[in-house]
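Just so it is clear, the structure is predicted and the values come from calculations on it, not from any experiment. Numbers for residues simply follow the sequence, beginning at 1.
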Amino acid sequence: MIAAVARNGVIGRDGTIPWHQSSDLRRFKALTMGNTVVMGRLTYLSIGKPLSGRRTIVVTSKAIDAVTTAPSLEDAIALAGRPVFLAGGARIYADGMALADTIYLTRVDAEPAGDAHFPPIDERAFSLVSEERGEPGPRDDHPFFYVTYRRRALTD
C-alpha cells in the first residue's frame, strides 16, 4: 500500500487530497513507476486519467475507458501480478490491510478536516522498518515523514 496520511488519519476530503505535497507526488511516482497501481473508482476519477508508466487497475463494476477494471480488490490483485501498489481510497486501504506486505506512508504533519481516513495499522501485524524526515520543498504545504512498515513474519 502507498498513501499520504495526515496526523489525524485523513487522506481525503470531498474527493480531493486536502493538501499539496510535491515531494510526496515525486516519491509516489518513483516507487510505483513500471508497476501496477490498484485504486477505487472515486480515486481514479479524482486523478482523471491512467498513471503514465504504470498499469492502472480500477476496482469498480463499471467499465472505464483506458484502464483495466475489476469487480473486487481480490480480482484486481489477481489481474495485477506482483508487485502491485494499492493507492486508495479509504475502502481499498481498509480491505487491503489484510493483504498488504508493505505499507509506504507519507505522514503529513497536519490535521485537516476530511471524510476519508486511512485505517489503523495493527502493530502486531506490521513492524516499522524505516522513518525519515522529508525535506520540504517550496511546493509542499506541510512538513512530512516517510514511513515504511512490513508485515511481521508469523514467528515474530
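Of the possible polar contacts, none joining the Asp101 side chain to the Arg151 backbone as a donor-acceptor pair under 3.5 Å is found. Remark: side-chain polar atoms of Gln21 are paired, donor with acceptor, to backbone N or O of Asp141 under 3.5 angstrom. A donor-acceptor pair under 3.5 Å links the side-chain atoms of Thr56 to the main chain of Leu51, judged by distance alone. Judged by distance alone, the side chain of Asn8 and the main-chain N or O of Pro112 form a donor-acceptor pair under 3.5 Å. No side-chain donor-acceptor contact under 3.5 Å links Asp109 to the backbone of Phe144. Checked by atom type and distance alone, the side chain of Thr60 never pairs as donor or acceptor with a backbone atom of Arg41 at under 3.5 Å. Side chain of Arg82 to backbone of Ile77: no donor-acceptor contact under 3.5 angstrom is found. Not a single donor-acceptor pair under 3.5 Å links the side chain of Arg54 to the backbone N or O of Thr32. With hydrogens and angles ignored, the 3.5 Å screen pairs no side-chain donor or acceptor of Arg124 with any backbone N or O of Asp122.
The number of heavy atoms from other shown groups lying within 6.0 Å of CZ (Arg7) is above 12. Counting heavy atoms of neighbouring residues, nucleotides and ligands inside a 6.0 Å radius, atom CZ of Arg55 exceeds 12 of them. Within 6.0 Å of CZ in Arg133 there are 12 or fewer heavy atoms belonging to other residues, nucleotides or ligands. For CD1 of Ile17, the number of neighbouring non-hydrogen atoms (other residues, nucleotides, ligands) closer than 6.0 Å is 12 at most.
Smallest separation of non-hydrogen atoms from Thr43 and Gly89: OG1-N, 2.9 Å. Residues Arg139 and His20 come closest through the heavy atom pair O-CD2, 3.0 Å. Closest of all the heavy-atom pairs between Gly15 and Ser46 is O-CB, 3.2 Å. Nearest approach of Ile64 to Thr69, heavy atoms of both residues: N-CG2, 3.8 Å. Pairing each heavy atom of Ala4 with each of Val108, the nearest pair is CB-CG2, 4.3 Å. Taking both residues in full, the closest heavy atoms of Tyr149 and Leu105 are given as CE1-CD1, 4.1 Å, listed atom of the first, atom of the second, then distance.
In this structure, Phe85 and Met39 have side chains that are not in contact, with every pair of non-hydrogen atoms separated by 4.5 Å or more. Proximity of Met97 to Ile121: side-chain heavy atoms (C-beta onward) are separated by under 4.5 Å at one or more points.
Atom CH2 of Trp19 and atom CD1 of Ile11 lie 8.0 Å apart (nearest 0.5 Å). Here Tyr104 contributes atom OH and Phe28 contributes atom CZ; the two are 12.5 Å apart, rounded to the nearest 0.5 Å. Annotation: the span from Arg107 atom CZ to His142 atom NE2 amounts to 15.5 Å, rounded to 0.5 Å. Once rounded to the nearest 0.5 Å, the distance linking CD1 of Ile2 with OH of Tyr93 reads 7.5 Å. Distance OG/Ser130 to CZ/Phe145: 12.5 Å, rounded to 0.5 Å. Leu128 CG to Ile103 CD1: the interatomic distance, rounded to the nearest 0.5 Å, is 10.5 Å.
In the hydrophobic clustering of ILVMFWY residues, with side-chain heavy atoms under 4.5 Å counting as a link, Leu45 and Ile57 come out apart. By the rule that hydrophobic residues join a cluster once side-chain heavy atoms approach within less than 4.5 Å of another member, Ile47 and Val84 end up as members of separate clusters.
When each of Val67, Val38, Ile92 is paired with Val58, the side-chain contact (heavy atoms from CB on, under 4.5 Å) condition holds for Val67 and for no other.
Asp75 and Ser72 form a side-chain donor-acceptor contact under 3.5 Å, judged by distance and modelled atom types alone. Side chains of Ser22 and Asp140: no donor on one and acceptor on the other come within 3.5 Å. Between Arg150 and Thr102, the side chains place a donor N or O and an acceptor N or O closer than 3.5 Å (distance only, hydrogens not considered).
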